[in-house]
Amino acid sequence: MSLTVNLYYTGFDGNARRFAEEMVSSGIVAAVRAEEGNERYAYFFPMEDPQTVLLIDQWKDQAALDAHHKSPMMAQIAQLREKYHLRLRVERYISEPKP
């Protein structure tokens with residue numbers, strides 16, 4: 001099983017993109033990618049919405065995602081989201097193992 005969470009960060013005046021850039025430059029992205037059970041942590045920029053950034057966040061299982069949510073990085077991410085005044089929309093998908 002694999003969990004994929006699509007997080008859409010939306011702001012104004014390029015703040016969503018600056019948020020993603022600071023996530024990378026601060027080392028938070030590298031730290032999340034190094035966490036046990038992380039399978040993907042990647043930002044994308046929708047062509048039709050320049051004020052939104054899509055984060056595809058994929059985890060081995062619910063336990064790995066739960067551990068991530070309890071990590072100190074979550075507070076750092078929340079602070080950056082507030083700094084850039086971003087709204088957040090979340091979609092969650094579960095992949096079933098191949099038979």
Side-chain angles (χ1 to χ4, degrees):
M1 179 178 84
S2 184
L3 298 175
T4 301
V5 183
N6 289 350
L7 297 107
Y8 296 86
Y9 292 97
T10 302
F12 57 93
D13 293 333
N15 278 349
R17 189 174 195 115
R18 282 191 283 281
F19 163 80
E21 289 167 352
E22 188 167 343
M23 286 286 294
V24 172
S25 68
S26 69
I28 295 172
V29 167
V32 172
R33 288 176 178 158
E35 285 184 278
E36 179 70 29
N38 182 264
E39 296 178 343
R40 186 175 193 190
Y41 197 87
Y43 288 101
F44 297 89
F45 305 100
M47 289 179 59
E48 68 281 355
D49 184 359
Q51 299 306 323
T52 296
V53 170
L54 165 63
L55 167 63
I56 299 178
D57 190 15
Q58 188 171 350
W59 296 87
K60 178 180 79 171
D61 55 26
Q62 185 64 52
L65 180 58
D66 290 344
H68 168 64
H69 284 158
K70 293 177 185 174
S71 74
M73 283 171 283
M74 290 305 296
Q76 294 173 300
I77 294 167
Q79 287 174 341
L80 284 179
R81 198 173 102 212
E82 288 176 25
K83 173 182 175 179
Y84 290 103
H85 307 285
L86 301 177
R87 292 185 321 271
L88 179 62
R89 181 170 58 92
V90 178
E91 299 172 344
R92 179 182 162 108
Y93 303 96
I94 299 173
S95 300
E96 297 296 325
K98 294 180 183 179

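Applying the ring-ring contact (aromatic ring centres under 6.0 Å, His included) definition to pairs two or more places apart or across chains, those involving residues 18-37 are Tyr9-Phe19. Every pair passing salt bridge (Lys or Arg N to Asp or Glu O under 4.0 Å) that includes a residue from residues 20-36 is listed here, sequence neighbours excluded: Arg17-Glu21, Glu22-Lys83. The list of ring-ring contact (aromatic ring centres under 6.0 Å, His included) pairs with a residue in residues 77-99, not counting sequence neighbours, is empty. Among residue pairs with one or both ends in residues 51-83, those qualifying as ring-ring contact (aromatic ring centres under 6.0 Å, His included) are Trp59-His68; sequence neighbours excluded.
Every residue two or more places apart in sequence or in another chain that forms a side-chain contact (heavy atoms from CB on, under 4.5 Å) with Gln51 is listed here: Asp49. Every residue meeting the side-chain hydrogen bond (donor to acceptor under 3.5 Å, both in side chains) condition with Arg89, not counting sequence neighbours, appears here in chain and number order: Glu91. Partners of Met1 by side-chain contact (heavy atoms from CB on, under 4.5 Å), not counting sequence neighbours, listed by chain and number: Leu3, Asp61, Ile94. Contacts of Arg40 classified as side-chain hydrogen bond (donor to acceptor under 3.5 Å, both in side chains), with partners at least two apart in sequence or in another chain: none. With sequence neighbours excluded, no residue forms a side-chain hydrogen bond (donor to acceptor under 3.5 Å, both in side chains) with Ser26.
For the pair Arg92/Leu65, a side-chain contact is recorded, criterion being any heavy-atom separation below 4.5 Å from C-beta on. Taking the side chain as every heavy atom from C-beta outward, Leu7 and Val53 never approach each other to under 4.5 Å. Side chains of Ile28 and Leu80 form a contact here, defined as non-hydrogen atoms less than 4.5 Å apart.
What you find for Ala16 and Gly11 is that their closest heavy atoms are CB-N, 4.3 Å.
Residue Phe44 is found in a hydrophobic cluster whose other members, listed by chain and number, are Tyr8, Leu54, Ile56; membership requires side-chain heavy atoms under 4.5 Å apart, directly or through intermediates.
Under the 4.5 Å side-chain contact rule for hydrophobic residues, Phe45 and Phe12 do not share a cluster.
Taken to the nearest 0.5 Å, the CG atom of Leu86 stands 8.0 Å off from the OG1 atom of Thr10. Here the CD1 atom belonging to Ile77 is positioned 12.5 Å from the CD atom belonging to Glu82, to the nearest 0.5 angstrom.
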